[in-house]
Amino acid sequence: MIFNTWTFAVFATITVLAYWTVVPRRARPWYLVIVGCIFYAWAVPAYLLLILALAAITYAGGQALLSGDLPAAQRRAILSLAVVAIAGSLVTFKYTKFLALTVNQVAHRSILPIPQIVVPLAISFFTFEFVHVLVDIYQRKISRLALRDFAAFTMFFPTLVAGPIKRFESFAPQLDAIEMPSTEILALNLYRVAIGLVKKVVIADSMSVLTQPILAPGFPYGRADYWIAMLAYSAKIYFDFSGYSDIAIGVAGVLGLRIPENFDRPYWSGNIAVFWRRWHMSLSTWIRDYIFIPLGGSRGGSRVRTAANLFIAMAIAGLWHGAALTFVAWGLWHGLGLAVHRFWDAAVVPHVAFLRKPSFAVGAVSTLATFVFVALGWVLFAATSLPSAVSVYAGMLLP
Amino acid sequence: MRFLRAFFVAAFVAAFTLFFADRVFERTLPHCLRLADNFSPQYLLRTIDAIDGNSVVYLGDSALWGYDLPATEAAVSLLRERGIAAENLSYEGGSPANTYAVLRLLLAARHPKAVVFNVNLKEFNAADSAYRKLYPGVETLVWPALSAGQRALLTPTRGPTTLDSWIDEHLAQVWKLYGMRADVRYAIFNDVDAAHALEAWIERRSGAAERSAAAHVPTPDKFEGTYDLSPIDRTNVSMAFLADTVALLREQHVRAYAILTPTNHRLLHDYVDVPEYGRNLETVRHVLEAGGVRVIDYDRTFAALEFIDNDHLTAPGNAHLADMLERDVRP
């Protein structure tokens with residue numbers, strides 16, 4: 001079920017009305033599980049089985065990790081098996097076609113058959129949440145995994161389609177004491193839903209018309225068309241995704257639950273590192289916690305090693321967005337930006353007096369440069385192929 | 001209970017505000033010179049309701065609608081500018097089936113002074129996109145009124161009813177602003193919406209529109225297959241609806257004129273300057289005249305320079321058409 005449909009409006013209204021008026025307080029988490037199942041099964045009911053199966057694996061793995069003092073090797077084995085099962089389904093459903101296409105492309109002949117798989121709705125989101133739960137239990141950050149809490153966490157419909165990617169340790173405790181928010185808070189959350197709808201339907205969807213030059217470059221577009229299309233795409237992707245997040249956060253708020261914020265004026269960032277602290281925050285913190293830091297992060301002081309970790313983490317972040325080389329290239333572009341920024345911060349800024357002192361001019365130039373860098377990256381994100389992206393860059397930059 | 005009370009208060013205030021705004025909107029929305037690209041059934045009904053008994057109503061396809069031109073430059077708009085009571089109910093994607101459908105809706109509510117409709121031979125070709133299809137908004141309104149035989153000739157454009165489409169349809173009937181949102185956008189932006197208007201402006205400024213137009217100069221090969229020259233008979237869907245149109249006009253005692261659509265014979269020479277085309281035109285003329293419809297033959301009246309492509313007229317071409325209509329349509 002998609003947020004900007006009448007079906008969802010009816011579903012959400014009935015769900016919320018029943019939630020606060022008919023459903024007993026103690027049963028509300030289970031009620032969320034039931035309506036979450038209906039919400040998820042609306043389009044392709046069969047895939048409900050997939051999410052339930054993966055949730056069962058996560059729950060079983062989590063309980064095993066929590067049961068007594070298992071030897072470290074056994075705990076590692078349980079974690080590995082569960083994560084491989086979950087990540088394996090993500091790879092199977094989302095990346096098999098991409099892998100087959102890439103292998104055939106590299107080999108210049110058809111070695112692997114191209115599977116026709118329908119990617120289950122939101123598989124990227126819930127698999128990341130499951131991995132988070134398992135890893136945090138393994139790292140003993142989560143000490144209790146009640147079935148009710150985990151089921152409600154998994155099937156919480158406002159975040160099922162497009163996040164934000166929740167954290168179990170901040171979500172589960174709220175289920176013990178779901179209180180009806182004040183009228184003002186309810187109104188603010190409904191306002192947030194309305195703002196989200198406007199962002200998505202009025203602004204983002206309208207921008208689609210203007211983005212054609214970067215989706216299908218070539219005749220008859222000129223340089224101005226490409227630049228405008230890039231700006232329009234930058235606006236579209238922000239308003240689309242942040243609009244969706246606003247709706248999710250607003251609906252969750254109406255249900256008396258808080259979920260993570262996802263965007264914080266990202267295009268006003270003074271550098272690319274700040275951008276990633278403000279853009280799709282629930283994903284960027286996930287990437288930081290479960291990929292970048294386990295890879296070694298910036299520990300050890302080696303700039304090359306840190307840069308390599310950034311490249312790997314961002315390439316995975318890119319691939320998470322879509323199964324295509326363009327997304328990998330987009331991730332690497334941001335990895336490059338983050339690596340250069342680290343180098344700049346460590347090796348250049350300390351030696352240049354005017355860069356060390358905050359000033360309006362430096363701030364404005366930095367913000368503009370960051371935006372242009374990010375916007376140029378969106379060309380890779382939007383393009384249908386790498387040659388197509390190159391055509392767009394050529395159209396933008398060459399006379 | 002606190003939640004229920006707040007909910008019902010909010011719902012009441014919202015419903016009252018929307019109802020009030022809707023009444024204001026309904027009274028203030030201007031009548032456009034022609035139907036929007038994607039007009040709503042509600043707007044069509046509103047336009048029909050506003051037609052008085054002294055108006056001449058024009059029905060038909062993009063040739064009368066004023067394809068690729070601002071609404072003010074379409075021939076029917078020029079007639080209105082000259083003080084002639086004319087209403088343009090033609091639209092892009094018209095066909096004899098569509099003309100019949102709109103006529104049914106029109107005559108169910110109003111009795112205009114006269115009806116003028118264009119007949120375009122390309123729409124008697126089964127390959128034409130509107131040959132078996134009604135415009136979706138028109139289909140919504142007229143489908144229940146069609147006979148089983150007429151429905152059998154058509155391919156419905158509506159997909160299966162989903163919860164979303166059901167709500168959308170019913171909400172559009174009671175909430176005018178929602179139902180006519182496409183028409184409002186057209187009235188404000190003179191385009192599908194602000195984004196399309198902005199895109200058109202950018203393309204004009206950047207030169208993309210000019211480059212695109214230069215590359216799309218119509219050539220004869222682009223129209224190969226547009227006209228089906230096999231003999232037209234009653235098995236032809238467009239002919240069946242043309243006959244139904246004539247019968248309906250006669251039954252309702254409405255004065256009617258049929259324009260044989262201006263055609264760019266220089267561009268289409270290989271396809272239309274053949275005896276088969278002439279014979280089909282005669283067949284159509286015979287059906288119209290036998291039913292008491294006055295035929296105005298503009299098939300060869302316009303010079304090649306007055307066309308944008310095969311049958312769409314330029315701004316001067318539309319001015320010429322307005323002159324001709326002013327002379328020939330005198331109900």
Side-chain angles (χ1 to χ4, degrees), chain A residues 1-11 13-14 16-23 42-43 179-187 189-191 194 201-213 217-229 231-232 235-236 254-256 395, chain B residues 1-11 13-15 17-18 37-38 160-175 177-179 181-182 184-185 188-189 191-217:
Chain A
M1 207 181 290
I2 307 297
F3 285 165
N4 55 320
T5 57
W6 287 115
T7 308
F8 179 74
V10 171
F11 168 84
T13 307
I14 294 170
V16 171
L17 278 173
Y19 183 77
W20 289 123
T21 57
V22 180
V23 181
W42 194 262
E179 291 296 330
M180 180 185 283
S182 66
T183 311
E184 289 74 18
I185 300 291
L186 280 174
N189 281 299
L190 286 174
Y191 177 71
V201 178
V202 178
I203 304 176
D205 289 355
S206 300
M207 290 295 153
S208 302
V209 179
L210 304 173
T211 60
Q212 278 309 304
F219 183 84
Y221 302 119
R223 190 185 298 177
D225 298 295
Y226 290 117
W227 280 97
I228 289 166
L231 294 174
K236 176 188 160 66
V254 172
L255 295 167
Chain B
M1 288 314 288
R2 184 166 63 86
F3 179 80
L4 262 187
R5 196 169 58 238
F7 176 81
F8 283 120
V9 168
V13 171
T17 309
L18 287 177
D37 259 345
N38 50 348
T161 302
T162 60
L163 179 60
D164 226 46
S165 66
W166 187 88
I167 297 172
D168 181 76
E169 194 178 310
H170 286 80
L171 205 57
Q173 284 170 13
V174 292
W175 185 7
L177 179 56
Y178 178 73
R181 60 198 183 281
V184 173
R185 286 198 291 259
I188 297 171
F189 303 111
D191 208 325
V192 175
D193 56 26
H196 282 86
L198 182 61
E199 184 203 24
W201 183 82
I202 290 168
E203 289 192 348
R204 280 198 302 274
R205 301 282 296 181
S206 71
E210 205 177 314
R211 286 193 290 275
S212 186
H216 290 98
V217 172

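Numbered from 1 within each chain, the chains take letters A, B, ... in sequence-line order.
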Residue pair A/F219 / B/A215: nearest heavy atoms and the distance that separates them: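 So the two residues come closest at CZ-CB, 3.3 Å.
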Geometric class of the B/Y178/A/W6 ring pair [parallel <30°, tilted 30-60°, perpendicular >60°]: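 A/W6 vs B/Y178 ring planes: perpendicular.
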Within this structure, what is the [atom1]-[atom2] distance for the pair [X] and [Y], rounded to the nearest 0.5 Å?
X: B/L163; Y: A/W42; atom1: CG; atom2: CH2; result: 5.5 Å
X: A/S208; Y: B/E199; atom1: OG; atom2: CD; result: 11.0 Å
X: B/W166; Y: A/T7; atom1: CH2; atom2: OG1; result: 11.5 Å
X: A/W227; Y: B/S206; atom1: CH2; atom2: OG; result: 15.5 Å
X: A/Y221; Y: B/E203; atom1: OH; atom2: CD; result: 5.5 Å
X: B/D164; Y: A/I2; atom1: CG; atom2: CD1; result: 10.0 Å

Within 6.0 angstrom of B/Q173 CD, more than 12 heavy atoms from elsewhere: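 Yes, because the 6.0 Å sphere around CD of B/Q173 holds more than 12 heavy atoms from other groups.
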Portion of A/V10 that has a non-hydrogen atom of chain B nearer than 4.5 angstrom: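 Side chain of A/V10 only, per the 4.5 Å heavy-atom cut-off to chain B.
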Chain B contact via A/L190 - which portion, at a heavy-atom distance below 4.5 Å: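 Neither part, no heavy atoms under 4.5 Å.
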Contact leader toward chain B among A/I228, A/D205, A/D225, where contacts are heavy-atom pairs under 4.5 Å: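 Answer, by heavy-atom pair count under 4.5 Å with chain B: A/D225.
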